[in-house]
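Have a look at the structure below before the remarks.
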Amino acid sequence: MSQHKVPDSSRRSDRSRRAIHDAALALVGEVGYAKTTIEGIAARAGVGKQTIYRWWPSKAAVLMEAFLDMGARQAAEADGAGGGGEHGIPDTGDLAADLKLVLRATVDELNDPATEAPTRALTAEGVIDPALGAQFVENLLEPQLQLYVTRLLSAQEAGEVRADVDPRIALELLIAPLTHRWLLRTLPLTHAYADAVVDHALRGLLIRP
């Protein structure tokens with residue numbers, strides 16, 4: 001007698017969820033957030049829209065989870081490629097060089113079409129929807145900001161940064177200019193600009209002989 005394998009519902013759900021994530025990210029990049037719909041995501045993913053509504057309350061929630069999942073996958077791929085599992089700001093003893101390295105990487109990420117559209121969409125929607133905005137900060141921004149706090153505290157302990165500097169305020173001197181230029185598109189966001197931001201900020205943070 002032949003034996004029929006019972007379908008694994010959890011694997012099927014994982015495949016559907018991944019397909020929905022990929023569809024949401026692709027559509028936002030292709031047509032923009034305003035024109036992306038639950039129906040469009042469902043059609044692209046090959047699922048019924050009821051499936052999406054069962055798992056998420058809105059297209060913003062779909063995009064949020066998809067964006068976080070993409071970040072987790074990229075981190076896992078970096079680990080598999082020999083990244084060592086460490087996702088922090090390097091601490092080589094040269095604060096300026098370490099900050100320039102990570103801000104240049106931030107510039108590349110913000111300019112990458114794969115991440116730019118969903119980041120802009122979530123940023124804008126988070127202004128309108130406080131709950132989504134709080135989730136965006138908690139799940140995406142805050143872990144990244146804490147990496148700067150850790151690196152700046154290390155520089156303080158090493159006697160490189162003034163003891164009276166508040167790391168939380170200091171990191172905003174680095175992040176805010178990039179965010180402002182990127183969000184408002186005032187001027188091109190480049191590596192040279194990132195380097196200049198670090199140089200200007202450190203003039204006020206470092207201990208001078």
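No donor-acceptor distance shorter than 3.5 angstrom exists from the side chain of Trp55 to the backbone of Arg17, with no hydrogens or angles considered. With hydrogens and angles disregarded, no donor-acceptor distance shorter than 3.5 Å links the side chain of His180 to the backbone of Ala176. Side chain of Asn111 to main chain of Leu189: a donor-acceptor pair is present (N/O by atom type, distance under 3.5 Å, no hydrogens or angles). Judged by distance alone, with hydrogens and angles left aside, the side-chain atoms of Arg162 form a donor-acceptor pair with the main-chain N or O of Gly204 at under 3.5 Å. Using modelled atom types, one side-chain atom of Thr179 and one backbone atom of Ile175 make a donor-acceptor pair closer than 3.5 Å. Side-chain atoms of Thr36 come within 3.5 Å of backbone N or O of Gly32 as a donor-acceptor pair.
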### Thr115 and Phe67: CA distance, side-chain angles, deciding distance, side chain to side chain contact (heavy atoms under 4.5 Å, CB included) verdict
CA-CA 8 Å; Thr115 55; Phe67 194 64; 4.2 Å; yes

### Query
Given the rule in the side chain to side chain contact (heavy atoms under 4.5 Å, CB included) test, do Val198 and Leu103 qualify, once you have shown the distances and angles that lead to the verdict?
CA-CA 8 Å; Val198 172; Leu103 258 66; 3.8 Å; yes

### Candidate pair Val165 and Leu152, rule side chain to side chain contact (heavy atoms under 4.5 Å, CB included), full reasoning
CA-CA 9 Å; Val165 166; Leu152 290 166; over 6 Å; no

### Task
Please assess Leu173 against Val197 for the test side chain to side chain contact (heavy atoms under 4.5 Å, CB included), listing each intermediate value before the final yes or no.
CA-CA 8 Å; Leu173 299 177; Val197 167; over 6 Å; no

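Heavy atoms of other residues, nucleotides or ligands lying less than 6.0 angstrom from NE2 of His200 number 12 at most.
Residues Leu95 and Leu206 form a side-chain contact, since some pair of their non-hydrogen atoms from C-beta on lies under 4.5 Å apart. Using a 4.5 Å heavy-atom cutoff, the side chains of Asp69 and Arg18 are in contact. Contact check for His21 versus Met70: no side-chain heavy atoms found under the 4.5 Å cut-off. For the pair Val107 and Thr190, the minimum side-chain heavy-atom distance is 4.5 Å or more. Val62 is listed as a side-chain neighbour of Ile52, based on a closest heavy-atom distance under 4.5 Å.
Following chains of ILVMFWY side-chain contacts shorter than 4.5 Å, one can reach Leu110 starting from Tyr148, so the two form part of one hydrophobic cluster. Follow the hydrophobic side-chain contacts under 4.5 Å out from Leu25 and you never reach Val47; the two are in separate clusters.
Here the closest non-hydrogen pair linking Gly29 and Ala117 is CA-CB, 3.9 Å. Closest heavy-atom contact between Ala194 and Leu178: CA-CD1, 4.4 Å. Nearest heavy-atom pair, Pro90 versus Asp98, reported as atom, atom and distance to 0.1 Å: O-OD2, 2.9 Å. The heavy-atom pair separating Ile38 from Ser58 by the smallest distance is CD1-C, 4.2 Å. Minimum heavy-atom separation, Glu160 to Gly93: OE1-O, 3.9 Å. Counting all heavy atoms, side chain and backbone alike, Ala24 lies closest to Ile41 at CB-CD1, 4.0 Å.
Under the side chain to side chain donor-acceptor pair (under 3.5 Å) criterion, Asp195 pairs with Arg104, not counting sequence neighbours. Take Gln144 and apply the side chain to side chain donor-acceptor pair (under 3.5 Å) test, not counting sequence neighbours, and it matches no residue.
Electrostatic pairing of Glu30 and Lys35 does not count as a salt bridge here, judged by no charged N lying under 4.0 Å from a carboxylate O. For the pair Asp199 and Lys100, the salt-bridge criterion is met [side-chain N within less than 4.0 Å of a carboxylate O]. Salt bridge Arg44/Asp22: absent, no basic N to carboxylate O contact under 4.0 Å.
Annotation: cation-pi pair Arg120/Tyr33 absent, no NZ/CZ under 6.0 Å from the ring centroid and within 45° of its normal.
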What pairs of donor and acceptor atoms, side-chain ones from residues 135-142 against any protein atom, are under 3.5 angstrom apart with sequence neighbours left out?
residue : atom : partner : partner atom : Å
Asn139  : ND2  : Gln135  : O            : 3.4
Glu142  : OE1  : Arg168  : NH2          : 3.0
Glu142  : OE2  : Gln146  : NE2          : 2.9
Glu142  : OE2  : Arg168  : NH1          : 2.7

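Sorted by first and then second residue, the salt bridge (Lys or Arg N to Asp or Glu O under 4.0 Å) pairs involving residues 105-114 (not counting sequence neighbours) form an empty list. For residues 123-132, there are no salt bridge (Lys or Arg N to Asp or Glu O under 4.0 Å) pairs, not counting sequence neighbours.
Taking Ile, Leu, Val, Met, Phe, Trp and Tyr as hydrophobic and joining them when side-chain heavy atoms fall under 4.5 Å apart, one finds Leu187 isolated, its cluster having no other members.
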